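Worth saying up front: this structure is predicted, and the values here are computed from it rather than measured. Throughout, protein chains are lettered first and strands after them, A, B, ... in sequence-line order, and every chain is numbered starting at 1.
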Amino acid sequence: MCAFHPWDITLDEAIQLQRKLGSLVVMVNPESETASLKCSLIAGVDTVESSDGTAIYGGVVIWDREKEVVVEQSSARTSALFPYIPGLLAFRELPAIIRALEGLERTPHAVICDGHGLAHPRRFGLACHLGVLLNISSIGCAKNLLTGNCDQPGHERGEASPIIDGNEIIGVALRTQRGVKPVYVSIGNRVSLEEAVSIVLTCTVKYRLPEPIRMAHRLVTELRRGES
DNA sequence: GCGACAG
DNA sequence: ATCTTGTCGC
């Protein structure tokens with residue numbers, strides 16, 4: 001079982017938990033900028049369901065963005081205890097992700113998540129949830145918007161436009177490659193939005209999605225193939 | 001009430 | 001997420 005807090009809870013309890021933990025998000029990197037630049041180990045996490053939907057495969061890959069190679073990976077399989085509900089994704093995916101992370105020997109500088117961080121109705125998406133529970137730096141990198149609106153960013157790699165919800169900027173739409181759809185980057189925990197964007201950009205060498213996310217996706221998909 | 005809705 | 005073959009392009 002996972003520590004931290006229960007995962008087999010009701011919908012109302014999950015929402016209250018998000019409101020409670022939301023105040024613990026740290027929107028800056030406590031480490032110095034110079035120190036963060038030296039850290040090249042970035043992890044990506046992802047999950048996939050078993051074909052019958054009763055199990056979750058979680059995977060994590062640590063990517064060295066300087067050498068551009070995978071240096072470590074870990075995975076886990078857990079029972080699915082919570083349904084997929086937009087806004088409550090963390091309660092379905094995090095148990096498997098956390099168990100996968102516990103299998104790592106190295107400590108990455110930051111973890112990129114396949115989903116939102118602050119760009120969430122209650123400002124507490126999966127990336128925030130993971131970062132707060134483990135007290136680590138985390139980044140949300142989603143393929144679609146959940147809440148808020150934004151203009152289309154310029155078509156060149158690196159161009160971005162803010163995601164606005166009400167009167168606050170909750171993330172950015174970021175063009176990671178020329179001519180591809182943008183990804184939606186937001187703060188998870190212990191990073192600034194600027195550093196989150198920088199990390200995502202340095203990890204998108206060739207494709208739309210950050211390399212650590214692509215590798216983690218590949219890992220869990222392969223696990224399901226061989227165990228279903 | 002109606003539409004939107006990460007993976 | 002998933003249903004799904006070929007096909008256009010580097």
Problem set entry | Canonical and wobble pairing (Watson-Crick, G-U, under 3.5 Å) of DNA chain B, dot-bracket with | | .......

Exercise. Is the phosphate of C/dT2, meaning OP1 or OP2, less than 4.0 Å from a side-chain N or O of A/R224?
Worked result: yes

Problem set entry | Residue among A/Q177, A/E211, A/R157 satisfying side-chain hydrogen bond (donor to acceptor under 3.5 Å, both in side chains) with A/T204 | A/R157

For this session: Extract the stems that DNA chain C is part of, considering only consecutive pairing runs of at least three Watson-Crick or G-U wobble pairs, both distances under 3.5 Å.
Result: none

Exercise. Backbone N or O of A/N144 within a donor-acceptor pair of the A/H116 side chain at under 3.5 Å?
Worked result: yes

Problem set entry | Criterion side-chain contact (heavy atoms from CB on, under 4.5 Å) on A/D114 and A/K143, from CA distance to verdict | CA-CA 8 Å; A/D114 191 3; A/K143 299 181 292 296; 3.0 Å; yes

For this session: Quick one: which residue pairs count as a side-chain hydrogen bond (donor to acceptor under 3.5 Å, both in side chains) with a foot in residues 145-154 of chain A, not counting sequence neighbours?
Result: A/T147-A/D165

Exercise. What string of B, S and - do you get for nucleotides 2-7 of chain B, 5' to 3', if B is base contact, S is sugar-phosphate-only contact and - is no contact with any protein heavy atom under 4.0 Å?
Worked result: ---BBB

Seminar exercise, completed: Contact string for nucleotides 3-10 of chain C, one letter per nucleotide 5' to 3', B = base within protein heavy-atom range under 4.0 Å, S = sugar-phosphate only, - = neither, reads --------

Exercise. Between A/R175 and A/E159, is there a donor-acceptor pair closer than 3.5 Å when you use the side chain of the first and the backbone of the second?
Worked result: no

Exercise. What pairs meet the side-chain hydrogen bond (donor to acceptor under 3.5 Å, both in side chains) rule with one or both residues in residues 178-187 of chain A, with sequence neighbours excluded?
Worked result: A/E156-A/R178

Problem set entry | Pairing of A/D46 and A/R218 as salt bridge, 4.0 angstrom limit | no

Exercise. Backbone N or O of A/A100 within a donor-acceptor pair of the A/S75 side chain at under 3.5 Å?
Worked result: no

For this session: May I ask you to decide if A/I56's main-chain N or O and A/R77's side chain share a donor-acceptor pair within less than 3.5 Å?
Result: no

Exercise. Are a donor atom and an acceptor atom from the side chains of A/T10 and A/D12 found within less than 3.5 Å of each other?
Worked result: no

Exercise. Are the side chain of A/Q73 and the backbone of A/M215 linked by a donor-acceptor contact shorter than 3.5 Å?
Worked result: no

Exercise. Would you call A/V45 and A/I112 a side-chain contact if the rule is heavy atoms closer than 4.5 Å?
Worked result: no

